[in-house]
Amino acid sequence: MRKILLGAFSAFALALHPAVSAEAQVRVLTFEGIMNDTEVGNFYSGIQFSGNASALLRTNLGGSGNFGGEPSAGTAAVFSDFPGEAAYFNVTAGFSNGFGTFYSAPGVPGALNIFSGLNGTGMLLGTVMLPVTPFGSVAGCPPNPGASFCPFKFAGTSFNGVARSVSFGSALNDFVFDDITIGSAVAVSAVPEPSTVVLLGVGVLMVAGFKLRRRNK
């Protein structure tokens, strides 16, 4: 009789608190805590960025990032155009429902593609269009006066299926990203999550007509 009651209670408890799969979780990658000019790598548990993705701290905070107005103040991410290297990030457990990101792109428009497989392979599940944003050094950028990449806009899309990678292949060099949202097509408040090992790496990004990074004097 006791076993029957325990079994019934367990079933009732599961009905009240169903298990949440990794695919249903919403994560926001703010890049805070990664040192300036450092590869993002596997800083986030279960997520792997390609080797050409690095974090930058904005110039008026002592870094080399020529941007301002980012949603989580201080650090953002960029993808360098390294010959022969694809630009993407993988989510090992997969994610569903939607994807979005804040970005600044005053030079040219771009797009991000969401795939069912790792490394930008498999079925194309969705595309996030990235229209051109205002040119900060012309329109003004109070958080970092004179910065070119400012302000940041949000773009996202919903999709069906389970995604395991996002390709940034058409958003290299002249795009800055922040608060990348996995599992939601709309912007959500960022919740700090524990960091993992930070891999060191240095790259130089140039944009036609202006520099994304500035050297510190």
Side-chain angles (χ1 to χ4, degrees), residues 18-32 34 39-55 70-72 75-105 107-133 149 152-193 195-196 199:
V20 179
S21 68
E23 299 164 5
Q25 295 177 357
V26 176
R27 300 178 69 180
V28 181
L29 313 182
T30 68
F31 307 104
E32 303 303 323
I34 308 178
E39 286 186 14
V40 179
N42 61 348
F43 182 82
Y44 293 101
S45 176
I47 298 176
Q48 179 68 51
F49 280 77
S50 54
N52 51 3
S54 58
E70 66 282 5
S72 52
T75 311
V78 295
F79 286 83
S80 304
D81 186 12
F82 292 164
E85 185 169 359
Y88 60 85
F89 74 80
N90 293 327
V91 180
T92 305
F95 65 98
S96 57
N97 300 327
F99 171 83
T101 183
F102 283 90
Y103 75 100
S104 183
V108 295
L112 307 179
N113 291 317
I114 305 164
F115 289 95
S116 62
L118 299 174
N119 305 330
T121 63
M123 183 183 299
L124 177 63
L125 301 179
T127 298
V128 178
M129 303 305 298
L130 305 176
V132 172
T133 61
F149 291 79
F152 281 65
K153 302 293 183 181
F154 186 85
T157 187
S158 300
F159 61 88
N160 296 319
V162 176
R164 289 185 171 78
S165 65
V166 177
S167 171
F168 287 71
S170 65
L172 305 176
N173 292 345
D174 43 2
F175 289 76
V176 184
F177 299 95
D178 200 13
D179 283 24
I180 291 178
T181 303
I182 299 170
S184 175
V186 298
V188 298
S189 298
V191 178
E193 57 179 282
S195 60
T196 56
L199 303 178

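Just so it is clear, the model here is predicted, and its values are computed rather than measured.
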**OP:** Kindly give the heavy-atom pair with the smallest separation between Val91 and Phe89, and that separation in Å.
**Re:** CG2-CE1, 3.6 Å
**OP:** Could you tell me which non-hydrogen atom of Thr92 sits nearest to which non-hydrogen atom of Arg164, and how far apart they are?
**Re:** O-NE, 3.9 Å
Original post:
Residues in side chain to side chain donor-acceptor pair (under 3.5 Å) with Tyr103, at least two apart?
Top reply: none
Original post:
Any idea which heavy atoms bring Phe31 and Ile180 closest together, and the distance?
Top reply: CZ-CD1, 3.7 Å
Original post:
If we ignore angles and hydrogens, is there a donor and acceptor under 3.5 Å between the side chains of Asp179 and Thr30?
Top reply: no
**OP:** Let me see the working for Phe168 and Val166 under side-chain contact (heavy atoms from CB on, under 4.5 Å), right down to the final yes or no.
**Re:** CA-CA 7 Å; Phe168 287 71; Val166 177; 3.7 Å; yes
**OP:** Taking all non-hydrogen atoms of both residues into account, name the closest pair between Thr121 and Phe115 and its distance.
**Re:** O-CB, 3.1 Å
Original post:
Taking only residues two or more places apart in sequence, or in another chain, which ones meet Thr127 in a side chain to side chain donor-acceptor pair (under 3.5 Å)?
Top reply: Asn113
Subject >> Val186: side-chain contact (heavy atoms from CB on, under 4.5 Å) partners, not counting sequence neighbours >> reply: Ser184
Original post:
Between Phe175 and Phe177, how do the two ring planes meet: parallel, tilted or perpendicular, split at 30° and 60°?
Top reply: parallel
Original post:
Asp81 side chain to Leu172 main-chain N or O, any donor-acceptor pair under 3.5 Å?
Top reply: no
Original post:
Given Ile182 and Ile47, is the side-chain contact (heavy atoms from CB on, under 4.5 Å) satisfied, shown in steps?
Top reply: CA-CA 11 Å; Ile182 299 170; Ile47 298 176; 3.6 Å; yes
Subject >> Any residue meeting side-chain contact (heavy atoms from CB on, under 4.5 Å) with Ser116, in chain and number order, not counting sequence neighbours >> reply: Met123, Leu125
Original post:
For residues Ser72 and Asp178, is any side-chain donor paired with an opposing acceptor at under 3.5 Å?
Top reply: yes
Original post:
Is the backbone N or O of Arg27 less than 3.5 Å from a side-chain atom of Tyr44, with the two atoms forming a donor-acceptor pair by type?
Top reply: no
Subject >> Side-chain (Gln25) to main-chain (Gly183) donor-acceptor, under 3.5 angstrom >> reply: no
Original post:
Which value, rounded to the nearest 0.5 Å, describes the distance between Thr181 atom OG1 and Leu29 atom CG?
Top reply: 7.5 Å
Subject >> side chain to side chain donor-acceptor pair (under 3.5 Å) against Ser50, all qualifying residues, sequence neighbours excluded >> reply: Asn52
Original post:
Taking only residues two or more places apart in sequence, or in another chain, which ones meet Thr75 in a side chain to side chain donor-acceptor pair (under 3.5 Å)?
Top reply: Glu32
Original post:
Does Gly120 offer a backbone N or O that forms a donor-acceptor pair with the side chain of Ser165 under 3.5 Å?
Top reply: yes
Original post:
Which pair of non-hydrogen atoms, one from Ile114 and one from Phe99, has the smallest distance, and what is that distance?
Top reply: CD1-CB, 3.7 Å
Per-pair distances, 0.1 Å, donor-acceptor, side chain in residues 152-162, under 3.5 Å, sequence neighbours excluded:
none

